[in-house]
Each structure stands twice: as C-alpha cells, then as structure tokens.
Number of protein chains: 2
Amino acid sequence: MGVTLKELAASLNLSPTTVSRALNGYPEVNAKTRKRVRDAADRANYHPNTRARSLATGRTHAIGHVIPLSDSHEIVNPVFADFIAGAGETYSRAGYEMVLSMVPDADEEQAYRNMIARGAVDGMIVHGPKLNDPRIAMLTQLGVPFVVHGRSSGVDAPYSWLDINNNRSFRRATEFLLQLGHRRIALVNGLEHMDFAMRRRTGYVQALTEAGVAPDPALMRQAEMTEVFGHRAATDLMRLPDPPTAFLSSSMLVAYGLRRALVDQGVRLGRDVSVITHDDDLSYLPNGGDVPLFTATQSSVREAGRKAAEMLLKTIHTPQHPPLTCLMETTLIVGESTGAAIR
Amino acid sequence: MGVTLKELAASLNLSPTTVSRALNGYPEVNAKTRKRVRDAADRANYHPNTRARSLATGRTHAIGHVIPLSDSHEIVNPVFADFIAGAGETYSRAGYEMVLSMVPDADEEQAYRNMIARGAVDGMIVHGPKLNDPRIAMLTQLGVPFVVHGRSSGVDAPYSWLDINNNRSFRRATEFLLQLGHRRIALVNGLEHMDFAMRRRTGYVQALTEAGVAPDPALMRQAEMTEVFGHRAATDLMRLPDPPTAFLSSSMLVAYGLRRALVDQGVRLGRDVSVITHDDDLSYLPNGGDVPLFTATQSSVREAGRKAAEMLLKTIHTPQHPPLTCLMETTLIVGESTGAAIR
DNA sequence: CCGGTTATCCAAAGCGTTTTGGAAGGTTGA
DNA sequence: TCAACCTTCCAAAACGCTTTGGATAACCGG
C-alpha cells in the first residue's frame, strides 16, 4: 500500500481537501500550491486508493467482462484474447480498469448479477451473444450500461452493440465462389446457437438461393471452431458421393484443419478445391506473411475491442443517451486458396 | 447498485453490526436471527459492496494480472487465455476477482506499480518472465505477494514461482530424436530473451552435446511463435546444403507452420522428417483428435493457471510463509510426426 | 437473592477518498 | 471607509462496510 491522502496533506501542512482538489484540477486552489502538491505527490508516488475513491464518488472506473467457457469442453474462444487486448488499450488510456470473470456458460447470468450487485463495475461488455440472449434484458432491467459484442436476433428492445456484418460478409464470400463456378459449397460453421454463426449461415443460404442453387444440409457443419473440427469436417465432406468443390470456414483455425485434411487427400488448395475463411486478424494467427494464405473475409477483432470499449465509456458518461450501435464491414481479401471450379 | 447493509438492517429492525456478523458467520448471533437475516439477504439479492468491504478490511479480494503485449507487433500470446481461464476458476471458487491490464512491454513495470499503489489488488501474477527480470525485485521490494508463471534465470533472491521443466522437456525430446537416429535437429524456438525459451535451448544443446553432436547455430531459429514463423523457418532450413531431418518446435502454432512448409515441399511428416513440438494443451488447439497429430511434450497451461492461483492465494493468507515453488514435468506423447531417421 | 457468566445485540469509530458548506483574509468599487 | 466581492483554504460529513468495546438481559450456582 502506498501513501494516503492524509499523510501527503500532513507532510505539506495542508488539509486533505486542498490536496484532493489540487490533484483533481479544481480551480479553487492557488497555482503555486497546486504545483507544490503535484510535485510532492509525484515524489511520494501517490496514487489515490481506487476503492476509497469509488466509494466516495459512486463510480468504480472499472469495466466488467464475463468470458463464457463453452460448457461442453470448457473451450475458451481465442478471439477473446485479442478483443480484450483492444478493449484494454482503450481502458488504460481512459484510466479504467478491467475486471474479468471466466465462467462456464451455465453460471454466466449469475456472474453478471454478482459483479453488479457487489458494485464492482460501472459497465459491462457482453461477449458471445446467442439467439434471444437473456442477458440483454437482464442488464437493461438492472439499468447497467453495457455494450454487446455482436447482436442477438430475437431481442427487440434497443440496446448498444458493435458487430461485424456477418450476413453480408458470408453472402459476398459465397457469391465470390459462385462466380468462380462453384456449385457445391460447404459451410463449416461455428455453433449456430451463437448469433454470429447463425447470421453467417443465413448469408450463405441467401447467396446460394439467389443464384438458384439449392442449399444442401449435407454440406453444412457446425461445431466448436478448432483445427481438429476443420479436419474432421473436410474429411467427412470429401467422402460424400458428390463432394464440395469449395469450403466456407468460420475461423482461421478451422481453415487450418480444412487445409490439412485436403492436403492429406492429395487435393490442391486453390486448384482442385477452394477455401474462404473468416479471419479475425488475431495477432498470433496472421493470414500468411506477404501474400495471404487464404482468401478471407477479414475484420480485426482487436479493433472491435477498442471500439466497443469506447462506445461503452461514452454511454457511461452520458447515461441518458440512446443506445449506440456500430456495424463493421469485413474486407474480402483474395489469397491463394481460391480458384475457378474445375468442370 | 443493490441494497445496502444499512437498508437491509433497517428492514429487519436490526443494527448493521448484527446483520454483518450474521452474514459473515460470527458466533455472537442467535441462530434464529441469523437465519432470518440470511433469508432476507437472499430475498433482496444483497451482496456486500466490494469497494466498501475492502476499504474496511484492507483486503481487496482481487488479483492483478499484467499481460504483456510483445512490443514489436503487439502480439498477445495465446497461452494467456488458457492460463487465465485456469486461474479464473480458482479465483471464483475462492471469491476473488481478477483485474487485468494489457500493456506494451515497455509500460509493464509502471502497470504493476500503479495497480499496487492504487490498492487495487492483494497480489499479482507475473507473466512471461525474461532473463533477469526486474519485476521480481520490484514486487519483492514493494512487499506484495506474487507468483511468477515461469522463472527468471539470474534472479538469485528466492521468490514464488510455478514453471514447467523446460530444460528437461526439451532435453528428453532431443534425446528421443537422437535415439531415432537423427543428427541434424533444428530448434524453432520462441524469443530467447524469454526465460522459457532460453531453458529449452539449453536442454536441447545439452542433449546434443552429451550425444557428441555439435550444436549448429545454423539450425536454431527464434521469433514470436506464430504459424507464419514456423513456415518461414522450415522453408529456410530445408534450403540449407545439409538440411535438418528433425525439428523441435516451441509451440503448436509454430508446428502447424512447420508442417505446412514441409508438406509444401513434398516431405512426408514422420517419415522423411520428424517434428516434435511443445503442446500447451490449449483448449482450442488440441493436438489432434483420438490419435495425436504431433509427437509432443505436453503440459496443460490451464492447469498451471489453476495451480499458480492457488499458490498465490496461499501466500496471501500466510504472508510470513517462505516462497512456494512448483516444477511441473511435461509428458512426452508420441504421435505420428516422428520416425526413424532415413540413412 | 446476588455476583458472575453467557448470550445477544448495538453505537460508534474507522478505512481513504470526495464534496458540501463555510471561514479568513485580501481586494475592489463607490 | 465600508460593504461586497474574490481567492484560497479547511472542517466535517458522507460513501458502505467491518470491528472494537461495550450494554442489556437472561441464566447459573451457591
């Protein structure tokens, strides 16, 4: 523990009041005194105790994140690391701290409730929204500022969110493959009770339908997005009597798995079979070096974290403001994993 | 914000003192009253305000983590997500919360200082120790309980740490390859100013030397551990006049890159060239399904997180206790990526 | 019936801040 | 010169909890 305000004040022969005001930039303190106080504070490495301050002000200067662990295998989705890194940048610049809670899906609601009831945070980020996500109504009802990373289809009441245009993104990717002559296009998706995965499938189905291609359920897979899942999916799908000539993947890791399976089977990527993947632009999973490995719909999840945090801080500072929303478009980057369909 | 203790007490016609004691399990309160209080608290969803509580008790019931972002590319190492998930399990079980700060390498020391000076945490976890890491002396001097995930060669004074036996792990892996007849063994390592990477190289060099094989600097690479780095390293190394017949990799992602490069060159994994990788057992990066993809030195970083958190809580609760240490061995899992050297 | 326990409760202080409501002294304007 | 300001500071209350040090009443043994 460090110096306290009282001690600092005593050492300066000033009252705590004056020292507090001097440091917080209030006008009613002499310029000379202010400087004297600031210098002494620096010298003593004084930082106001956050607990005491938040008790006095009623604001915690902290944001809560509840990261869900997929109940099945307690998998923590790797996008969280980068999203949080982005949000963390914003927080530290604004003098906020981040408090994190990682809990199994089942305990999630309680985790939000607790953080709030204990007065631990000024606002929250909602991660991984599902269809009709109950957390949104809950937080609205509790009156806590929050921003959802993603959206929740089925929730009508307005709320603040930041999302990428998953539908459009996968629609365009599908159209791109269709233009290359592909007709048998597989979708290797995340779990479709997750909102983002559902929207991606919708976009994919829409593009197919508009092009007069009947969506084939046999070509759609969904699971936790791991490399192994990608491998299994591609292996299975290539065994079909009428196998796909192109794959749409929901994550880089899945795409790795797809590639491994395809290569195992002696299929040339970008020649015999095409692959487009979504790329969250994770810092440790770059899509190739100079030339992109995969053709990809790309959007930086880190940037999303930065922006979502900014939105949240804004709603905290102007509580009466109506909900903020932000829809980010992805960019379609052409790499070496796509080519014309062989006929 | 929720109900306050005073309100709850008033609604029960009791003093705040009694309500507090009833809820905190002190003996000097009638069993009947206690039940009445507990019930009312549940009904009102009362949770004590953490800020107020920690102000009163002097303990925050919070642990600080400072996650470094590699200064070059601001990469956040994916192992952190799983480590933190593990630590988080322990924390929530013990009623602690986790406060996170993600900062560029350069600002790291200040981030620790701030958290402590502001009285935001009861203890800290030190991530990613480098050789002769200054944070250890700093925290020791500040008198804050902490546990290092890893160790720091060059720091003599005792401190609490939890580490895997990197040296032994890579020594064994190297010996394994030597026994298979490999002599040209490449090391594709993390950045060697990181303690773990340095220890791995030492283990590797020791095994080679003991076997009478001269370590060849041309066969050692180090960088941020991404897939792309693995690909580049393998591509380069295979171009050598006397290319390696085996690779040692420091992470799963690097191994993915190695495999891609090798496959690109038409080399068969486990036949023409062998690969052993370290596997942190990340939840979203499983080493294959039923049968392991890679021969690997495996150790769950999530389990490490759980244990490190437990150690930290222990040192917090018994401050006079001497430093705790824990050295975890890895297990060598044989997969399909290794085989006898071709002669 | 009475001193001494024991069981049960409470008033008040304190944790480290911010903030409200002055107070003292100096300055200004007529 | 004197009321009416500023300017600059401070004492004390408040935030929501825990904890110290009683207080009250009931109970007990002799």
Side-chain angles (χ1 to χ4, degrees), chain A residues 1-38 40-41 44-62 95 97 114-122, chain B residues 1-38 40-41 44-62 95 97 114-122:
Chain A
M1 57 185 101
V3 207
T4 89
L5 183 68
K6 212 197 293 183
E7 290 164 10
L8 186 63
S11 81
L12 287 164
N13 280 326
L14 287 173
S15 77
T17 311
T18 305
V19 175
S20 173
R21 308 203 113 145
L23 293 174
N24 290 326
Y26 283 76
E28 57 267 71
V29 42
N30 189 308
K32 214 168 278 179
T33 326
R34 190 190 302 278
K35 178 156 170 30
R36 205 162 63 94
V37 171
R38 285 223 170 108
N45 191 33
Y46 169 78
H47 289 264
N49 182 304
T50 50
R51 308 288 167 149
R53 173 199 286 243
S54 72
L55 193 54
T57 58
R59 343 201 56 196
T60 62
H61 277 241
E97 57 187 29
N114 279 355
M115 274 207 191
I116 293 159
R118 311 177 116 137
V121 295
D122 289 339
Chain B
M1 59 187 96
V3 208
T4 88
L5 182 66
K6 211 199 292 184
E7 290 165 9
L8 185 63
S11 81
L12 286 164
N13 279 326
L14 286 173
S15 77
T17 310
T18 306
V19 175
S20 171
R21 309 204 112 144
L23 293 174
N24 291 325
Y26 283 76
E28 56 266 71
V29 43
N30 189 310
K32 214 168 279 178
T33 325
R34 189 190 302 277
K35 179 158 171 30
R36 204 161 62 93
V37 172
R38 285 225 170 108
N45 191 33
Y46 169 78
H47 289 264
N49 182 302
T50 49
R51 308 288 167 150
R53 175 200 285 246
S54 71
L55 194 55
T57 58
R59 342 201 57 196
T60 62
H61 277 242
E97 57 186 29
N114 279 356
M115 276 207 190
I116 293 159
R118 310 177 117 137
V121 295
D122 288 340

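In what follows, every chain begins at residue 1, and chains take the letters A, B, ... in the order their sequences are listed. Computed from heavy atoms alone, side chains included, the values below leave out hydrogens, waters and symmetry copies.
Put simply, NE2 on His61(B) is 20 Å from P on dG16(D), counting in whole angstrom units. In this structure, the CG atom of Asn49(B) is 14 Å from the C1' atom of dT17(C), given to the nearest Å. Per the geometry, CZ belonging to Arg53(B) stands 21 Å off P belonging to dT17(C), to the nearest Å. Here the C1' atom of nucleotide dG14(C) and the CG atom of Leu5(B) are 15 Å apart, to the nearest Å. What separates CG of Leu23(B) from C1' of dG16(D) is a distance of 14 Å, to the nearest Å. Between the NE2 atom of His47(A) and the P atom of dT17(C) there is a distance of 12 Å, given to the nearest Å. Rounded to a whole Å, the CZ atom of Arg51(A) is 14 Å from the P atom of dT18(D). Asn24(A) places its CG atom 13 Å from the P atom of dT20(C), with the value rounded to the nearest Å.
In this structure a side-chain-to-backbone donor-acceptor pair under 3.5 Å is missing from Arg51(B) to Ala52(A).
At dT20(C), none of the side-chain N or O atoms of Tyr26(A) fall inside 4.0 Å of OP1 or OP2 (strictly under the cut-off). Residue Tyr46(A) has no polar side-chain atom (N or O) positioned under 4.0 Å from OP1 or OP2 of dG16(C). Between Ser15(A) and dC10(D), a side-chain N or O to OP1/OP2 separation shorter than 4.0 Å is present. Residue Ser20(A) has no polar side-chain atom (N or O) positioned under 4.0 Å from OP1 or OP2 of dT17(C).
Looking at every heavy atom in both residues, Thr60(A) comes nearest to Gly119(A) through CG2-O, 3.2 Å. For the residue pair Ala62(B) and Ala120(B), the shortest heavy atom distance occurs at CB-O, 3.6 Å. In terms of heavy atoms, Ala22(B) sits closest to Val29(B) at CA-CG1, 4.0 Å.
Atom CZ of Arg53(B) is separated from atom OG1 of Thr50(B) by 8.5 Å, given to the nearest 0.5 angstrom. From Asn24(B), atom CG reaches atom CZ of Arg34(B) across 9.5 Å, with rounding to the nearest 0.5 Å. One finds the OG atom of Ser54(A) at 8.5 Å from the CG atom of Leu55(B) (value rounded to the nearest 0.5 Å). With rounding to the nearest 0.5 Å, the separation of CG in Leu23(B) from CZ in Arg38(B) is 7.0 Å. Note: Ser20(A) OG to Leu14(A) CG = 12.0 Å, rounded to the nearest 0.5 Å.
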Close N or O pairs between protein and nucleotides 12-15 of chain D (under 3.5 Å):
{"from": "dA12(D)", "atom 1": "N6", "to": "Thr17(A)", "atom 2": "OG1", "distance (Å)": "3.4"}
{"from": "dC15(D)", "atom 1": "O2", "to": "Leu55(A)", "atom 2": "O", "distance (Å)": "3.4"}
{"from": "dC15(D)", "atom 1": "O2", "to": "Ala56(A)", "atom 2": "N", "distance (Å)": "3.3"}

What protein N or O atoms touch nucleotides 22-24 of chain D N or O atoms at under 3.5 angstrom, if any, and at what distances?
none

Atom pairs under 3.5 Å, N or O on each side, protein against nucleotides 6-8 of chain C: can you list them with distances?
{"from": "dT8(C)", "atom 1": "OP1", "to": "Asn30(B)", "atom 2": "ND2", "distance (Å)": "3.2"}

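Shown here are the side chain to side chain contact (heavy atoms under 4.5 Å, CB included) partners of Ala9(A), two or more places apart in sequence or in another chain: Pro16(A), Val19(A). With sequence neighbours excluded, the residues satisfying side chain to side chain contact (heavy atoms under 4.5 Å, CB included) with Arg59(A) are Thr57(A), His61(A), Asp122(A), Ile316(A), His317(A).
Sorted by first and then second residue, the pairs that involve residues 6-19 of chain B and meet side chain to side chain donor-acceptor pair (under 3.5 Å), not counting sequence neighbours, are Ser15(B)-Thr18(B).
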